[in-house]
Amino acid sequence: MNFANELVLWYHQNKRDLPWRHTTDPYVIWLSEIILQQTRVEQGMPYFNRFLAAYPNVTAFANASEDDILKLWQGLGYYSRGRNMLKTAQLVRDEHKGVFPSAYDELIKLKGVGEYTAAAISSFAVNEARAVVDGNVYRVLARYFGIDEPINSTKGKKLFQQLADAVLNKEEPGLHNQAMMEFGATLCKPKNPACGICPVSLGCQAFKTNATTQLPVKLKTVKVKERFFNYFLVLNGNEILMNKRTGNDIWTGLYDLPLVETDTLLPAHEIVTQPLTLHYFGPNPQVEEVFGLQKHILTHQRLTIRFIKVKNQPVYMEPDWFYTDLENLEKLALPKIVFIFLTNFFKFENNSLFSN
DNA sequence: GTCCAGGTTT
DNA sequence: AAACCTGGAC
């Protein structure tokens with residue numbers, strides 16, 4: 001019995017019962033796979049259920065607005081996934097008569113569907129013989145075959161894809177792919193792998209040479225840029241001044257507050273004298289309250305954020321600024337940190353709209 | 001607090 | 001090759 005078939009046997013005994021494992025509908029599989037990209041099952045599950053309930057088929061999804069999609073996506077991160085899903089759903093509605101593709105060569109053309117996702121959907125939906133290579137598969141293969149080529153190098157990616165193709169069970173590719181990933185996710189884990197109960201430990205190079213903690217090898221990179229965000233909280237009656245984020249920056253398509261960004265950490269009283277602040281609020285911004293500094297970490301950026309409540313209304317409005325009442329604010333997709341701040345602020349103000 | 005995990009796009 | 005987000009482990 002080879003390595004891959006052992007894992008399929010293991011999978012039959014040990015698989016988790018997950019909702020997207022009960023379907024061969026490529027739309028439902030696509031929904032689950034995009035949500036699960038870069039996301040843990042426990043975090044993605046409630047989003048999957050909400051999306052499926054709201055949009056039971058791809059045409060329903062395609063008929064939603066970007067604001068609707070991003071609002072449901074709020075808190076899940078990597079918001080381009082949601083924006084790309086809408087484009088893909090619209091394309092399926094308009095160019096594929098609402099029939100979601102299930103062939104790898106069609107799937108790979110869709111926005112937000114890369115090699116992994118195309119292989120996953122095509123193998124799960126119609127048993128097309130395509131090997132998935134996700135983070136779990138990299139780890140399982142690197143350990144079992146004792147490969148120390150970095151998994152995030154161009155060479156390493158090719159090597160691992162070839163190896164995954166070579167060990168693929170072409171009779172049952174869907175089952176094989178599920179088994180490889182489930183095994184990596186629950187037994188051959190990044191930390192504290194359960195080698196003691198592993199069905200293939202005797203053939204595992206990393207186990208034999210005590211190298212499980214060293215594999216897989218990943219080139220580390222990531223220089224982190226520091227940014228300093230000063231958000232202005234401006235209320236007018238029962239309305240709040242918001243900004244819609246556009247362009248190529250973080251959180252595109254989401255909503256935040258009027259912003260003055262600086263290159264260095266400045267004390268709040270100096271923010272108020274920044275040229276941009278004066279441009280927005282006139283010569284005498286009336287600061288009512290300064291909220292404490294908060295850190296927010298993204299992949300390549302470390303944000304230091306403070307919120308400043310001002311009494312006067314702006315004398316200049318950016319084109320993407322608008323006032324909205326609290327009822328409508330609830331419908332807007334906000335970055336996590338802005339959502340938490342506003343929720344707490346209005347809860348403190350005893351506004352029932354934000355009291356959950 | 002710090003570190004790490006996880007696919008696609010440009 | 002670099003950018004994109006959040007949450008869990010320690």
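Computed from a predicted structure; not experimentally measured. Residue numbering restarts at 1 for every chain, and letters A, B, ... go by the order of the sequence lines.
Contacts of A:L110 with the nucleic acid, taken as non-hydrogen atoms under 4.0 Å apart, involve only primed sugar atoms and P, OP1 or OP2. Among the protein residues, A:T252 comes within range of no part of the nucleic acid, since none of its heavy atoms lies under 4.0 Å from any strand. Using a 4.0 Å heavy-atom cutoff across all strands shown, A:Q37 reaches sugar-phosphate atoms only and no base atom.
Proximity of the aromatic rings of A:Y79 and A:W251 is defined here by a centroid distance below 6.0 angstrom, and this criterion is not met. Taking the six-membered ring for Trp, A:F291 and A:F307 have ring centres at least 6.0 Å apart. A centroid separation of 6.0 Å or more is found between the aromatic rings of A:Y144 and A:F207. A:W10 has its ring centre less than 6.0 Å from the ring centre of A:F183.
Rounded to a whole Å, the NZ atom of A:K295 is 9 Å from the P atom of B:dT2. One interatomic measurement links the two molecules: CD1 of A:I34 to P of B:dT9, which rounds to 8 Å at whole-angstrom precision. The interatomic distance linking A:W73 (CH2) with C:dC4 (C1') rounds to 13 Å, in whole Å. Residue A:K157 contributes atom NZ, which lies 12 Å from atom P of B:dG7 at whole-angstrom precision. Atom-to-atom, CH2 of A:W251 to C1' of C:dC5 comes out at 9 Å; the value is rounded to the nearest Å. When rounded to the nearest whole Å, the span between CD1 of A:I35 and C1' of C:dC5 equals 15 Å. Here the P atom of nucleotide B:dA5 and the CG atom of A:L215 are 13 Å apart, to the nearest Å. The distance from atom CD1 of A:I340 to atom P of C:dC5 is 16 Å, rounded to the nearest whole Å.
Across the interface with DNA chain B, nearest-nucleotide mapping of A:V113 and A:Y78 shows A:Y78 to be the residue nearer the 5′ end. When each of A:D134 and A:R302 is assigned the nucleotide of DNA chain B bearing its nearest heavy atom, the one mapping closer to the 5' terminus is A:R302. For the pair A:P335 and A:S153, both in contact range of DNA chain C, the more 5′-proximal nearest nucleotide belongs to A:S153.
Closest to the side chain of A:I250, from the set B:dG6, C:dC4, B:dT8, is C:dC4. Which of B:dG6, B:dT8, C:dC5 sits closest to the side chain of A:Y79 comes down to C:dC5. The side chain of A:T117 lies closest to B:dT8 when the candidates are B:dA5, C:dC4, B:dT8. Of the candidates B:dG7, C:dC5, B:dT9, B:dG7 carries the atom nearest the A:Y116 side chain, counting heavy atoms from C-beta on. For A:K218, whose side chain is taken as the heavy atoms from C-beta onward, the closest listed nucleotide among B:dA5, C:dC5, B:dG7 is B:dA5.
A:R81 forms no cation-pi arrangement with A:Y78, by the criterion of a distance under 6.0 Å to the ring centre and an angle within 45° of the ring axis.
Looking at A:D256 and A:R245, a side-chain N of the basic residue comes within less than 4.0 Å of a carboxylate O on the acidic one, giving a salt bridge. We find that A:E289 and A:K311 are not joined by a salt bridge, their nearest charged nitrogen and carboxylate oxygen being 4.0 Å or further apart. Residues A:K309 and A:E288 are paired through a salt bridge, judged by an N-O separation under 4.0 Å between the basic side chain and the carboxylate.
Not one side-chain nitrogen or oxygen of A:R139 sits closer than 4.0 Å to the OP1 or OP2 atom of B:dA5. Dashed line: the shortest gap from a side-chain N or O of A:N136 to OP1 or OP2 of B:dG6 is under 4.0 Å.
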Please tabulate, one pair per line, each protein N/O and nucleotide N/O from nucleotides 7-10 of chain C that are separated by under 3.5 Å, including the distance.
unit_1, atom_1, unit_2, atom_2, d
C:dG7, OP1, A:K336, NZ, 3.0

